[in-house]
2 protein chains.
Amino acid sequence: MPASLRRGPLVDAICERLARQYRSVPWLPPERALSARLGVSRSALREAVQRMEIQGLLEVKHGVGVRVVNKPQAPVGATLARELPDLTERLRQFAEVRLLVEPAIARAAAERAGPAERTALRVAHGRLGTTLDEAVPADLEFHRTLAELAGNRVLSLMLSSIAGLEAETRRITLEHVGLAEAAAQHARIVEAVERGDGDAAHAAMLAHVRAAREATPVLAPSFSPSGPRSAKTSAARSP
Amino acid sequence: MPASLRRGPLVDAICERLARQYRSVPWLPPERALSARLGVSRSALREAVQRMEIQGLLEVKHGVGVRVVNKPQAPVGATLARELPDLTERLRQFAEVRLLVEPAIARAAAERAGPAERTALRVAHGRLGTTLDEAVPADLEFHRTLAELAGNRVLSLMLSSIAGLEAETRRITLEHVGLAEAAAQHARIVEAVERGDGDAAHAAMLAHVRAAREATPVLAPSFSPSGPRSAKTSAARSP
DNA sequence: TTGGTTGCAGTGGTCTGACCTCCTACCTCT
DNA sequence: AGAGGTAGGAGGTCAGACCACTGCAACCAA
């Protein structure tokens, strides 16, 4: 009955079926039951599950079950961790990438955001609480929201991957910059996005990321993606 | 004998051992022999192999064997393909990302490259042949070399991931732009890097990527990472 | 000789069913 | 009511068999 007239590897077919049929349930059925239901062996099913786990679509917990998640940034993050084993170097390069990507995202968000998106951003900005434990995830969420508004999934994905591995740093950064100052910088970005002013958003975000980097004891930049000539991209109006 | 006193998942340990011991051989031993040698079951070994395949470290071919490779961009590329199933949209976003990232890479490369690196770049540039079949891989290689000189593995990785999925487009682009013109643009970049002039390298690369995008029937940009105000980043000296 | 064909041996792919390890929730005892 | 133990069920590992694909070498025909 589940014979199917496939040509390629069986595991691929299983992955597709899983992704299609169990997209919106919290947990997968037990492996034994599921393999029986799909008409494949447990081995093949396990290979498929493992594959999707690495891809960030599933999360298997020994003795518990297989949870359905959606973290497409997981494989990217894992790759980066493998490619840059040294934590300090990784964080330094992350900072450089943020310096390049975040302003571009802010500009794009300002130029594309409609009323609904602006509201979402305002909400995310409002969540920045008064304690570090609240602020760190809120800060991450703010930047994530902005990246989504920008409409470029590639940049968004890259930023998520980076954020996942530097969450610890954000705490230090926020502590040094100060919650009030960080909130003020966020506010300037929100303001620019509300006005649809791409240049201002770019400038505000650039200032924000620069402040974060300079307040954190990450090493000096080995190169500056935006160049030392500050008159280039931050010439736009800014409060 | 290979009992080992592990705590975590066995598969993790196998992956480590494989990565460590078989890093520099072209092929892995057959699964049966290898599982016996490592003292684990074939199932466990297969899970490890499959994992490393997804991570871009192995490449298994049915009926042939398991090849040892090193393509860290594979998982990123796969993720992007899954996140952006629509080919046109994917290529458009790729073009935008390149527009943002490549100039930054060129600048960094110019500011960091020493004599040896400059030679490597010159060699890569020299390989741009006279036929499309030669030019496409040579063009890819040129940009890859430049990214390596820039010294930021994150950007380099991202660019490789993109390149792997847009190789087909490069052919069209090169055809429209013309090999001679593309070579001239590359030459301007090389020149700037040789002089250590970051701004010029940035400008030359920006012009190159823009020309490529405008010559290719990819859709109009939904947003411009570098902004519509052309006076911003391309103000540097340029031939 | 040369060209295509066939068969075989070795590889990864899948299946089965058994046992081990871990987590949870329930149950018991205090 | 709380702390501790226990049984069930989840994933993890194992063993051995058979299936499917690939490459090559031996073979046969022109």
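Protein chains get the first letters and strands the later ones, always in sequence-line order, with residue 1 at the start of each.
- Listed by residue number, A:H62, A:G63, A:V64 are the residues of residues 47-65 of chain A with a heavy-atom contact under 4.0 Å to DNA chain C.
- For the pair A:L45 CG and C:dG17 C1', the interatomic distance rounds to 16 Å; values are reported in whole Å.
- When the C1' atom of D:dC19 is taken as reference, atom CZ of B:R42 falls 11 Å away, rounded to whole Å.
- Not counting sequence neighbours, the partners of A:R171 by the salt bridge (charged side-chain N to carboxylate O under 4.0 Å, His left out) test are A:D133.
- Of the candidates D:dT13, D:dA15, C:dC15, the closest approach to any side-chain atom of A:A44 belongs to C:dC15.
- Ring geometry for B:H186 versus B:H143: interplanar angle over 60°, hence perpendicular rather than tilted (30 to 60°).
- The interatomic distance linking A:L10 (CG) with C:dT16 (P) rounds to 11 Å, in whole Å.
- At whole-Å resolution of the value, CZ in B:R46 and P in D:dC14 are 15 Å apart.
- Applying the side-chain hydrogen bond (donor to acceptor under 3.5 Å, both in side chains) test to pairs two or more places apart or on separate chains, none has a residue in residues 54-66 of chain B.
- Counting only residues at least two apart or on different chains, the side-chain hydrogen bond (donor to acceptor under 3.5 Å, both in side chains) pairs with a member in residues 70-83 of chain B are A:R153-B:E83.
- B:T145 pairs by the side-chain hydrogen bond (donor to acceptor under 3.5 Å, both in side chains) definition with nothing, not counting sequence neighbours.
- Comparing atom distances between the B:S43 side chain and each of D:dG11, D:dC14, C:dG12 picks out D:dC14 as nearest.
- In this structure, the side-chain hydrogen bond (donor to acceptor under 3.5 Å, both in side chains) partners of B:R46, at least two apart in sequence or on a different chain, are A:E47, B:E31.
- Under the side-chain hydrogen bond (donor to acceptor under 3.5 Å, both in side chains) criterion, B:R122 pairs with B:E194, not counting sequence neighbours.
- For residues 172-182 of chain B, the set of pairs meeting the salt bridge (Lys or Arg N to Asp or Glu O under 4.0 Å) definition, not counting sequence neighbours, comprises B:E181-B:R188.
- A heavy atom lying under 4.0 Å from DNA chain C marks the following residues of residues 21-34 of chain A, by number: A:R32.
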